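One structure is given below, encoded as structure tokens.
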Amino acid sequence: MVYGSDRQKAPPPVAPAHLLEWALVATFILHGLAMLTMAGLLLPMMPGGPTALDGDRIAILAAHPWRFRMGWLPWQLTAVSDLLVAVALLRTPWIPRFSAWAVLVLTIAAVIPDQGAQFLWITQGIELAQAAVHGGSADAYLRFEKWVFALTGVWAALLYTLAALGWTACLVGGGAWSRALTGVSAATWGTFLVVTVGPLLPAPLTLPGKALAAGNALGFVLLLLWLALAAEQVMRRSRPQPAFGRWAPWRPPAAGLFGRGFSV
């Protein structure tokens, strides 16, 4: 039986956000996997990576085309997960509509050049790299690489960053926020803005390739932390803990530091 005093303590009903919860968890896992494949498969073939000479980088790509393709596969899946997050935000009733629509539009605008560039890189790019190895001239591939890398690593990345700022607006507006997320958001989105805007600056201010690679690595590590904190806040928002009953957090009868140590 629920008494009147207990009924007053019961939290108000909250619309569930199961799709948003799963979307955030999925994009966390896929971005982590993509980071591993970048470090283990793609980085020696990427501009700004550990392979200093262009000819060596092109030769590695020409000799290992399927390694290059498999390295990009998790990044293609992260694009799908970002779209899923955008749709989940739109379908969550307590997320502001304007912010959710803005995220969806920006995500679609980012996915199109990003996935188009990656498709060209794993098809035409590989052919140009192999032709450069057999023909002796790398100019055609290097021109292609500069253009396609800017499309996916700069313009699409900038749109993804703007969409991620929309994630922040959605969660703040929906009440799924914390002080820790504020600090991590500033560090994460600030890092991504630097590494995406950096290549667009005039020549004296343009960031070198090594700095861009290091900044991207830092940014994606921070992104994983942001996604973990965001998923926790979304779950807290859609699954509030009751003050009583079987789902209420257990509290020991003892007070003080000893009692708090056993709190759940």
Side-chain angles (χ1 to χ4, degrees), residues 30-82 107-161 191-221 223:
L30 290 172
H31 277 86
L33 178 61
M35 290 171 61
L36 292 177
T37 59
M38 174 59 74
L41 298 177
L42 289 178
L43 203 56
M45 296 174 269
M46 297 294 291
T51 308
L53 299 178
D54 292 337
D56 292 342
R57 187 175 74 253
I58 296 172
I60 296 173
L61 172 56
H64 303 283
W66 280 105
R67 173 181 165 184
F68 191 68
R69 293 186 179 105
M70 292 303 296
W72 279 114
L73 179 59
W75 291 101
Q76 293 158 2
L77 294 177
T78 62
V80 176
S81 73
D82 287 342
T107 303
I108 293 173
V111 166
I112 292 173
D114 177 43
Q115 295 307 299
Q118 290 182 28
F119 176 77
L120 290 175
W121 212 344
I122 64 176
T123 54
Q124 184 179 350
I126 291 174
E127 294 175 358
L128 289 172
Q130 292 174 339
V133 170
H134 292 100
S137 175
D139 292 343
Y141 175 79
L142 291 176
R143 286 195 300 269
F144 171 85
E145 179 190 68
K146 182 178 180 180
W147 171 79
V148 79
F149 180 76
L151 193 59
T152 183
V154 179
W155 294 109
L158 180 58
L159 290 168
Y160 278 127
T161 303
T191 299
F192 277 127
L193 285 173
V194 169
V195 298
T196 53
V197 175
L200 304 176
L201 298 175
L205 303 176
T206 302
L207 292 177
K210 297 289 186 182
L212 293 175
N216 271 304
L218 174 62
F220 279 105
V221 171
L223 176 62

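Please read all numbers here as calculations on a predicted model, not as lab measurements.
- The shortest non-hydrogen separation linking Arg57 to Thr51 is N-CG2, 3.5 Å.
- Side chains of His64 and Pro44 form no contact here, defined as non-hydrogen atoms less than 4.5 Å apart.
- The two atoms that bring Ile60 and Met45 nearest to each other are CG2-CG, 3.5 Å, heavy atoms only.
- Proximity of Phe149 to Met46: side-chain heavy atoms (C-beta onward) are separated by under 4.5 Å at one or more points.
- Here the CG-CG distance, from Leu30 to Leu73, works out to 9.5 Å after rounding to the nearest 0.5 Å.
- Atom-to-atom distance recorded for Thr191:OG1 and Leu218:CG is 4.5 Å, nearest 0.5 angstrom.
- When all heavy atoms of Ala132 and Ala138 are compared, the pair lying nearest together is CB-CA, 3.9 Å.
- In this structure, Thr196 and Gly153 approach most closely via the heavy-atom pair CG2-O, 4.5 Å.
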Are Arg69 and Ile126 close enough, and set up right, to give a side-chain contact (heavy atoms from CB on, under 4.5 Å), and what steps lead you there?
-> CA-CA 9 Å; Arg69 293 186 179 105; Ile126 291 174; 3.6 Å; yes

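- Using a 4.5 Å heavy-atom threshold, the side chains of Leu42 and Phe68 count as touching.
- Residues in residues 191-216 take part in these ring pair (Phe, Tyr, Trp, His ring centres under 6.0 Å) pairs, two or more places apart or across chains: Phe192-Phe220.
- Atom CG in Asp82 sits 12.0 Å away from atom CG in Leu159 (nearest 0.5 Å).
- Formation of a donor-acceptor pair under 3.5 Å by the Thr123 side chain with backbone atoms of Leu120 is found in this model.
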Which is it for Val154 and Val197 under the side-chain contact (heavy atoms from CB on, under 4.5 Å) test, yes or no, and what are the steps along the way?
-> CA-CA 7 Å; Val154 179; Val197 175; over 6 Å; no

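- Two residues are said to be in side-chain contact when any heavy atoms from C-beta on lie closer than 4.5 Å; Trp155 and Leu200 meet this criterion.
- A side-chain N or O of Tyr160 and one of Asp114 form a donor-acceptor pair less than 3.5 Å apart.
- Residues Val133 and Gln130 have side chains not in contact (no heavy-atom distance under 4.5 Å, counting atoms from C-beta outward).
- Looking at heavy atoms from C-beta onward, Thr78 lies out of side-chain contact with Met35 at the 4.5 angstrom threshold.
- Across all their heavy atoms, Trp75 and Ala34 have their closest contact at NE1-O, 3.3 Å.
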I would like to know whether Gln115 and Val80 meet side-chain contact (heavy atoms from CB on, under 4.5 Å); could you show each step before the answer?
-> CA-CA 10 Å; Gln115 295 307 299; Val80 176; over 6 Å; no

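- Taking the six-membered ring where tryptophan is involved, the planes of Tyr141 and Phe144 are tilted, since the angle between them lies from 30° to 60°.
- Between Pro199 and Leu212, the shortest heavy-atom contact is CG-CD1, 3.6 Å.
- Considering only heavy atoms from C-beta on, Arg143 stays 4.5 Å or farther from Leu128 through its side chain.
- Contact of the Gln124 side chain with the Phe119 side chain is not registered, since no non-hydrogen atoms from C-beta on lie closer than 4.5 Å.
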